[in-house]
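Ligands are counted one by one from 1 in listed order, and the atoms in each one are counted from 1 as well.
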Amino acid sequence: MIAELLPLVHDPEAMRPLAGLGNALREAHELVMSCQGRGRTYRFFTASRQAERFRSVQSRIDSFLAVFPVISHIGITRRLDGTGSDSVLSRAHSSQHAVSQEGPEVFTLAEITAATKNFGVVIGHGDSGTVYKGKLRDGREVAIKRLRDGLRSAEDTFGTELAILHPVCHEHIVRLLGSCAEQEERLLVYEHMDNGTLRNHLDASPDLAAASWNWKARVGVLLGAARAIYHLHCRACPLLIHCNVTSSNILLDRSWTPRLSGFGASVWRAPDVDSQDVDVVQTYGYGDPEYCSTGRLKPATDLYSLGVVMLETLTGNQPAVPVWDETKKTMIDTTLVSWALPSIEAGQLGEVLDRRPASAPTARQREALQLVASSAASCLRLHGDNRPDIRDVVANLEKALQIICSDMLGRFGR
Ligand SMILES: Nc1ncnc2c1ncn2[C@@H]1O[C@H](COP(=O)(O)OP(=O)(O)OP(=O)(O)O)[C@@H](O)[C@H]1O
């Protein structure tokens with residue numbers, strides 16, 4: 001497979017998904033050479049570190065192999081088209097949100113250490129590592145994810161985000177600017193998002209949430225996230241499934257534009273198949289029950305997680321809700337879906353609606369929020385095939401936002 005991919009490394013249409021393959025192979029070669037002709041004592045003392053480096057480079061090579069079906073699809077399509085210039089990829093690239101024109105920047109550890117003032121300001125923690133604030137020499141503000149040393153999943157995240165996220169360029173998706181892989185360090189450098197995550201804002205105190213976090217803002221954030229997923233499912237090249245849509249992975253930039261992040265578990269969507277056999281660990285509370293029981297991943301898996309995010313945004317609750325258990329006489333956690341969905345399906349949205357944005361929404365606001373709630377309910381259907389297409393979700397959210405905006409115009413004359 002590698003032999004078939006290599007000639008495409010410099011192909012204008014395939015080079016972006018394959019950016020970094022050459023480096024990964026070179027690193028693997030250097031590792032093999034560094035082990036040869038060494039004495040037993042050297043091998044004894046360096047074995048575990050070398051094994052770790054082998055695992056790391058192998059996971060990066062694996063992530064390139066995952067794109068093989070897409071790349072061969074390009075070749076076949078191009079041969080069938082009999083043209084190199086108007087292939088499927090060229091047409092997709094001509095869309096407004098094209099892929100990035102350059103490969104990821106490679107930073108030295110010294111540059112990263114200087115940018116973060118020796119990893120001085122922590123802005124977040126995730127499963128795969130810690131995120132630091134930084135400022136590059138040219139003045140760009142960045143968020144730098146320092147992946148946890150020695151963690152296999154962290155190595156996977158590094159390879160996957162570089163191969164998958166870097167080529168994606170869209171107004172509602174966080175930009176991955178570059179990386180650093182030096183010594184044991186694996187670092188990813190993103191544009192800095194100044195206004196935190198959707199989760200941060202839903203957790204904010206009632207005063208703050210009421211002031212800055214009205215229904216227009218909330219539906220606008222959902223619409224941005226849905227447009228990002230639409231781009232991944234229907235426009236990106238190659239197509240992608242995000243696999244980890246959560247309210248903590250929806251960040252807000254300086255102008256409060258929502259931007260989807262957290263691509264460490266994402267996968268390329270194989271062309272012409274309904275579902276694919278992929279091992280993905282979903283965040284608790286967001287897991288698609290169909291995927292959990294079948295292990296078959298579909299774009300509809302992202303729709304389920306988006307449905308949970310929509311419920312969080314409507315109710316203000318976390319994906320796990322503490323409720324009183326009468327038989328156990330104690331508080332237990334239940335899922336937000338089982339807590340909120342029955343009320344929504346019974347037409348009683350008001351019972352679960354967050355009261356912080358407005359204790360009594362106007363009739364037009366209620367109409368818009370009902371539209372969002374119905375969309376959420378359809379995303380949360382058990383069978384993926386019964387969930388809507390992401391295009392329908394985008395259309396519903398656009399309509400809901402339009403109703404809220406025209407209601408505001410009518411009331412405030414703005
Ligand atoms: N580009 C960014 N700008 C500002 N803050 C960020 C950025 N990226 C991440 N963060 C902050 O760091 C936190 C952890 O990041 P992230 O969720 O991407 O880490 P992770 O290890 O991939 O986590 P997980 O796998 O659990 O999603 C985020 O919740 C957010 O608060």
Less than 4.0 angstrom from a charged side-chain N to a carboxylate O is my criterion; do [X] and [Y] meet it?
{"X": "Glu398", "Y": "Arg227", "answer": "yes"}
{"X": "Arg254", "Y": "Glu141", "answer": "yes"}
{"X": "Arg296", "Y": "Asp274", "answer": "no"}
{"X": "Arg140", "Y": "Glu105", "answer": "yes"}
{"X": "Arg364", "Y": "Asp407", "answer": "no"}

Backbone, side chain, both or neither: what part of [X] comes under 4.0 angstrom of ligand 1, heavy atoms only?
{"X": "Leu251", "answer": "side chain"}
{"X": "Arg199", "answer": "neither"}
{"X": "Asp127", "answer": "both"}
{"X": "Asn200", "answer": "neither"}
{"X": "Asn249", "answer": "side chain"}
{"X": "Ser128", "answer": "both"}
{"X": "Val131", "answer": "side chain"}

- Query: Where do Cys180 and Val106 land on the side-chain contact (heavy atoms from CB on, under 4.5 Å) test, with the steps shown first?
  - Reply: CA-CA 6 Å; Cys180 166; Val106 176; over 6 Å; no
Which heavy atom of the protein is the closest neighbour of [atom], given with residue, atom name and distance?
{"atom": "atom 2 (C) of ligand 1", "answer": "Ala143 CB, 3.3 Å"}
{"atom": "atom 5 (N) of ligand 1", "answer": "Ile123 CD1, 3.6 Å"}
{"atom": "atom 13 (C) of ligand 1", "answer": "Gly124 CA, 3.8 Å"}
{"atom": "atom 14 (C) of ligand 1", "answer": "His125 O, 3.5 Å"}

- Item | Close approach, Ser261 and ligand 1, non-hydrogen under 4.0 angstrom |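 Checking ligand 1 against Ser261, which is what was asked, there is no heavy-atom contact under 4.0 Å.
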- Message: For the CG atom on Asp279, are there more than 12 heavy atoms of other groups (residues, nucleotides or ligands in this structure) within a distance under 6.0 Å?
- Response: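 Check fails, neighbour count at 12 or below.
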Kindly confirm or rule out an N or O of [X] lying under 3.5 angstrom from an N or O of ligand 1.
{"X": "Met193", "value": "yes"}
{"X": "Glu191", "value": "yes"}
{"X": "Lys145", "value": "yes"}

- Message: Less than 4.5 Å apart, side chain to side chain, heavy atoms only: is that true for Ile144 and Ile112?
- Response: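 Sidechains of Ile112 and Ile144: in contact.
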Just jot down the ligand 1 atoms closer than 4.0 angstrom to any heavy atom of [X], in number order.
{"X": "Tyr190", "answer": "1 (N)"}
{"X": "Asn244", "answer": "27 (O)"}
{"X": "Gly129", "answer": "21 (O)"}
{"X": "Thr197", "answer": "29 (O), 30 (C), 31 (O)"}

- Lys/Arg cation over aromatic Phe119: Arg146, 6.0 Å, 45° cone: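 Arg146 over Phe119 ring: yes.
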- Message: Taking side chain to side chain contact (heavy atoms under 4.5 Å, CB included) as the criterion, tell me which of Val372, Val352, Val337, Thr335 meets it with Leu311.
- Response: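 Of the listed residues Val372, Val352, Val337, Thr335, the side chain to side chain contact (heavy atoms under 4.5 Å, CB included) partner of Leu311 is Val337.
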- Query: Looking only at heavy atoms, what is the nearest atom pair of Leu176 and Val189, with distance?
  - Reply: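 It is CD1-O, 3.4 Å.
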- Task: Kindly give the heavy-atom pair with the smallest separation between Ser343 and Glu351, and that separation in Å.
- Result: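 Looking at all heavy atoms of both residues, the closest pair is OG-OE1, 3.2 Å.
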